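Reading through the structure tokens given below for one structure.
Because only heavy atoms are used, hydrogens play no part in the values below, and waters and symmetry mates are left out as well, while side chains stay in. Since the structure is predicted, the reported quantities are computational estimates derived from the model, not experimental observations.
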Amino acid sequence: MAPKVLMVAEKPSIALSIASVLSGGRMSTRRGSTEVHEFDGTFQGFHVHYKVTSVIGHVFSVEFPANFQDWTVTDPLDLFEAPIHKVESNPKAHIGRHLSQEAQGCSHLVLWLDCDREGENICFEVIECTGFRVNNSRRVYRARFSSVTEKDITKAMSNLVEPNKHEALAVDARQEIDLKVGVAFTRFQTNYFQGKYGNLDSRVISYGPCQTPTLGFCVQRYLQITTFKPEKFWAVQPYIIQKGYELKLEWERNKLFDSDVAGMFQKLIMEDGIVEVTGISEKQECKTRPSGLNTVNLLKVASSALGFGPQLAMQLAERLYTQGFISYPRTESTSYPSSFDFRGTLEALVKNPAWGSYIQTLLADGYLKPRSGTDAGDHPPITPMCSATEDMLGTDAWRLYQYVCQHFLGTISPDCKYLRTKIEFSVAEEIFHCIGQCVTIKGFTSIMPWLGVNETNLPQFTKGEKIEISKVDLYEGKTVPPDYLSESELISLMEKHGIGTDASISVHINNICERNYVQVQAGRKLVPTPLGISLIRGYQCIDPDLCLPDIRSFIEQQITLVANGQANHSLVVQHVIQQFKRKFSYFVKQIDEMDALFEAQFSPLSDSGRLLSKCGKCLRYMKFISSQPSRLYCGTCEEVYYVPQNGAIKLYKELACPLDNFELLICSLPGPQGKTFSFCPYCYNSPPFEGIDTLFGASKAGGSGKLGKGAGMPCFLCPHPTCQHSVIAQGVCGCPECNGTLVLDPVSAPKWRLYCNTCNCLVFLPEGAHRISTTKERCSECDSIIIEVDFNKKTTPLKDGATLHIGCILCDELLHSLVEMKHGKYFSKRMGGRGRMRGKGRSGYGGRGGRGGRKLEDPKMSFRGF
DNA sequence: GCAAGGTC
């Protein structure tokens with residue numbers, strides 16, 4: 001059997017391109033975690049079987065181990081010394097397993113990851129997953145390609161090299177530094193300020209070496225605006241009438257900040273009354289065509305001209321790319337490779353009705369080579385790949401695609417040429433001028449009309465000519481502050497200072513919006529919020545480095561030493577981490593300075609919120625703080641209790657939890673399918689029973705069993721044996737869809753329903769009943785809890801107008817006929833037909849945990865026969 | 001609930 005060669009690309013589209021080129025299109029493709037393309041060919045002179053597949057970006061990301069995950073237990077300072085480990089970035093995609101399976105039986109591995117540091121790092125992630133290098137007879141190669149073209153792919157294939165460990169280690173270093181610094185500061189700030197103020201309006205007060213300087217730029221502009229002092233100025237504006245045109249003359253002095261002096265000039269000029277033409281000059285000017293389009297410039301135009309935020313712009317560009325309309329949209333390069341096939345690209349677009357005729361002219365008259373821009377060695381500039389119409393793309397994608405096309409055509413069109421005429425005048429020894437512009441060659445501005453030169457015609461003048469002044473105005477103006485930073489300006493600043501990459505700039509901008517540090521206002525201007533301003537001003541007081549862009553360049557410069565092999569990875573990491581640790585300690589020590597700014601902006605927890613429910617410890621009312629993260633605050637005990645987020649919270653009939661005496665609350669999640677459930681604020685935050693491994697609202701906590709803060713145990717997960725609100729009392733039967741238990745919704749009247757305490761399954765009970773409640777009895781047939789229904793007198797289905805009915809919703813014929821099941825995911829409506837459900841004999845807690853009380857019975861509830 | 005970097 002022919003030896004097998006595994007090739008791995010960074011994304012599925014590249015795997016497809018590589019396989020297509022190397023197989024000449026003759027390959028078979030099968031699905032897996034990502035697609036695998038297979039074909040036969042030759043490798044180093046041997047006949048081999050190729051398998052080409054891909055990862056989806058990084059396979060792993062770094063994290064702290066579980067014992068450093070609890071915000072309340074871990075001192076953020078310890079994070080600097082904490083171990084870190086790699087976890088799969090997207091466990092659901094099973095990329096690790098996929099690579100390991102596909103590597104089985106392969107003798108060679110060829111790495112086709114993008115040719116940058118990150119790509120080099122992913123190379124080693126792939127090597128780790130495939131288990132290569134364990135066995136010396138298996139070889140690992142790196143393909144270096146500068147574009148996904150047939151030429152480059154074949155060239156890379158015949159010039160295979162080794163992956164670069166130094167570059168990969170530089171990325172490891174960056175990951176560790178970013179994680180430790182970001183998480184330490186974020187946790188400290190969040191804990192400190194959220195424990196003090198009730199109206200911060202941000203779930204997390206984050207810090208990061210990219211996001212914070214990004215915010216810094218916005219606040220810096222804001223501070224320029226607020227500290228701006230306007231000044232009045234004056235300008236003399238004489239008017240003349242020449243050949244029937246009225247012309248305003250521009251003053252050589254432009255403006256003066258003294259009204260008396262300006263007034264004096266006005267008087268002098270009025271007294272003279274005659275201007276003399278002292279000079280006429282004509283100059284040929286040139287406005288150069290653009291160079292190739294890179295990501296950052298695309299994002300800037302998208303924001304300033306199309307009104308698309310960077311995130312939307314990238315989404316649209318990504319889609320255009322995967323659909324084959326434009327080339328890879330994440331590139332720094334603005335210069336085209338010398339081999340680039342411009343004619344081919346033009347021919348691919350020539351049929352387009354929007355600019356077909358323009359392209360025909362270019363092809364006929366000869367297009368130009370683009371100006372040389374910068375070549376970052378990644379991907380070529382963003383270029384249209386095939387023709388499209390608005391109908392094919394939809395409005396937004398079309399507008400972006402249209403710009404990409406116009407920009408591309410602009411790059412190979414002639415420059416714009418125009419004649420600039422300046423007429424100089426003199427009056428009372430003061431000099432004035434006016435300017436005319438006349439386009440001689442439109443060039444690229446005919447396809448990018450918004451960049452066109454404004455034409456202004458001037459009437460004829462002759463040197464020495466004397467003209468009477470028709471009037472002399474004294475213009476009074478005042479200087480104005482700059483506007484808020486536009487998103488497009490911010491992108492320029494980020495690029496200039498190396499904050500983020502072409503792929504991540506949009507993420508950082510989005511971040512500072514989501515954290516409520518800035519708001520995007522009309523015209524995509526970024527206006528910092530009181531929170532954003534307080535943070536940056538605080539850093540400026542304590543340690544300005546923390547919010548300056550240099551913090552990123554410092555990290556970059558340090559890890560570049562690793563990438564170049566000039567410094568040892570661990571030593572660099574240690575050095576940088578120690579520096580940040582010192583900065584962190586100082587920041588913590590001086591936090592009062594930042595706090596003074598917060599005090600002026602925000603209200604203390606004790607002043608926030610409304611009284612809602614009683615604390616079980618001191619029996620006084622606690623305050624409900626509705627701003628994110630919503631929580632209860634007991635002013636007497638000075639304790640904070642988080643509540644389920646995103647739901648409406650209210651008091652539950654002044655009932656109290658038998659375990660701790662805290663008053664119960666009701667949470668209603670939004671939407672008609674939203675659960676409504678009761679919870680005890682204390683139990684919710686500190687589940688009292690062992691063995692509860694399902695938490696409500698816990699995010700990707702995984703199976704670690706660690707209880708995340710703000711995620712917890714509502715009554716529907718509580719195994720309390722006698723409390724009337726627990727799942728033991730309110731659970732009716734096993735969920736037909738999952739391992740959960742169907743629980744009676746306590747406040748669903750009159751549309752009584754059961755919901756699953758684990759998944760989204762919903763079951764509607766007889767509508768219009770006065771009361772539906774669980775009993776302590778179980779069905780002799782199926783072991784479900786017997787329910788008691790008190791029907792409405794007018795609508796009761798019972799004989800002789802009786803209203804009370806007791807039975808099992810599965811086995812009682814009447815009840816069963818009135819029950820209806822609904823599930824969002826799999827079926828919209830499913831009437832209770834017989835014998836269609838799986839019998840799942842279990843409920844929430846049987847056989848597990850419950851060590852705190854008696855062993856919980858498994859009531860063996862099921863939907864048998866439903 | 002945390003960073004920044006890939007990519008979807």
Contacts of type side-chain hydrogen bond (donor to acceptor under 3.5 Å, both in side chains), residue Arg142(A), not counting sequence neighbours
Glu120(A)

Give one of base, sugar-phosphate or nothing for Gln194(A), where a contact means two heavy atoms less than 4.0 Å apart.
base

With sequence neighbours left out, the residues meeting side-chain hydrogen bond (donor to acceptor under 3.5 Å, both in side chains) with Lys623(A) are none

Send over the distance from Leu316(A) CG to dC8(B) P, rounded to a whole Å.
15 Å

Tell me, please, which residues at least two apart from Asp502(A) pass side-chain hydrogen bond (donor to acceptor under 3.5 Å, both in side chains).
none

Results of ring-ring contact (aromatic ring centres under 6.0 Å, His included) for Tyr641(A) - residues two or more places apart only:
Phe662(A)

At under 4.0 Å between heavy atoms, which parts of nucleotides 2-7 of chain B does protein reach? Answer with one letter per nucleotide, 5' to 3': B base, S sugar-phosphate only, - none.
BBBBBB

By the side chain to side chain donor-acceptor pair (under 3.5 Å) test, which pairs, at least two apart or in different chains, include something from residues 205-214 of chain A?
Ser206(A)-Gln211(A), Ser206(A)-Arg515(A), Ser206(A)-Tyr517(A)

